[in-house]
Amino acid sequence: MAKSKKSIAVVGLGQFGYQLSISLHQKQFDILAIDSNQDRIDEVKDLVTDAIIIDSTDEKAMRSINIEKVDLAIVSIGSNVQSSLLTTALLQRLGVPEIQVRYINSLQENILQSMGIKTIISIEKEMGIQIANTLSTDKVGKYISISDHHSVMEIQAPIGFIGK
């Protein structure tokens, strides 16, 4: 992968990983999509920079693709908690500079926190909060929480503001 733009490895191409991979590639990131399922790799290979079928828990295999050269790795393995945690530990061992991980239960979240993972993603929790915030008022369109104290909202402009 060329180093002119940020390179991101997405490990696990379920619904979340697949959409994340193609969306990031459309935003001009170099995307290395990784999965152990040939069908998933075939689906995404023409939509990302590179797609590789590999067992992400196999250290020798991960070394062979120079995974440590990516700027960021996102572990989006959904249902297999053990594979997600092993992949995360391996990425740390190989020196990937930034790792973000999707979690599916509180035990996995606690383990990731103890591993020092700074960005831990809960798709269901984050979308539930976002949809609840959007539905909670008539005048707010999209609502995105940036932190505990800041958010971005799409709102309907008051009539007096139009054209100014």
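Note that the coordinates shown come from a computational prediction; the quantities given were computed from them, not determined experimentally.
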N37 side chain to R40 backbone, donor-acceptor under 3.5 Å =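 Checking the backbone N and O of R40 against the side chain of N37, a donor-acceptor pair under 3.5 Å is found.
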Would you check if the side chain of S76 reaches a backbone N or O of G12 as a donor-acceptor pair within less than 3.5 Å?
-> yes
Derivation and outcome, side chain to side chain contact (heavy atoms under 4.5 Å, CB included), residues Y103 and K125 = CA-CA 10 Å; Y103 75 92; K125 178 180 175 182; 4.1 Å; yes
Of all the heavy-atom pairs spanning [X] and [Y], show the shortest one and how long it is.
X	Y	answer
G78	I104	O-CD1, 3.0 Å
I54	M62	CD1-N, 4.0 Å
I117	V101	CG2-CG2, 4.0 Å
S56	T87	OG-OG1, 2.7 Å
A33	S21	CB-OG, 4.2 Å
H25	I31	N-CG1, 3.7 Å

Interatomic distance, [X] atom [atom1] to [Y] atom [atom2] [nearest 0.5 angstrom]:
X	Y	atom1	atom2	answer
L47	S23	CG	OG	10.5 Å
L20	Q15	CG	CD	13.0 Å
L24	D30	CG	CG	11.0 Å
S83	L90	OG	CG	11.5 Å
I41	I53	CD1	CD1	6.5 Å
L32	T49	CG	OG1	8.5 Å

Dump the intermediate steps for side chain to side chain contact (heavy atoms under 4.5 Å, CB included) on I99 and T88, then the final yes or no.
-> CA-CA 7 Å; I99 304 166; T88 302; 4.3 Å; yes
Using the side chain to side chain contact (heavy atoms under 4.5 Å, CB included) rule, take K27 and K5 through it: C-alpha gap first, then chi angles, then the decisive distance, then the call.
-> CA-CA 11 Å; K27 294 180 185 312; K5 40 189 166 173; over 6 Å; no
Could you go through the side chain to side chain contact (heavy atoms under 4.5 Å, CB included) check for Q113 and N110 one step at a time?
-> CA-CA 5 Å; Q113 288 171 342; N110 291 336; 3.6 Å; yes
More than 12 foreign heavy atoms under 6.0 Å from CD1 of I159: is that the case here?
->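 No, not enclosed.
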Decide whether I74 and L86 are clustered together by the hydrophobic rule: side chain heavy atoms of Ile, Leu, Val, Met, Phe, Trp, Tyr closer than 4.5 Å, transitively.
-> no
Minimum side-chain heavy-atom gap Q82-T57 below 4.5 Å | no
Just checking, is any N or O donor in the side chain of E109 or S122 under 3.5 Å from an acceptor N or O on the other one?
->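 Judged by distance alone, the side chains do not pair up.
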Given D50, L13, I67, the one that forms side-chain contact (heavy atoms from CB on, under 4.5 Å) with I34 = I67
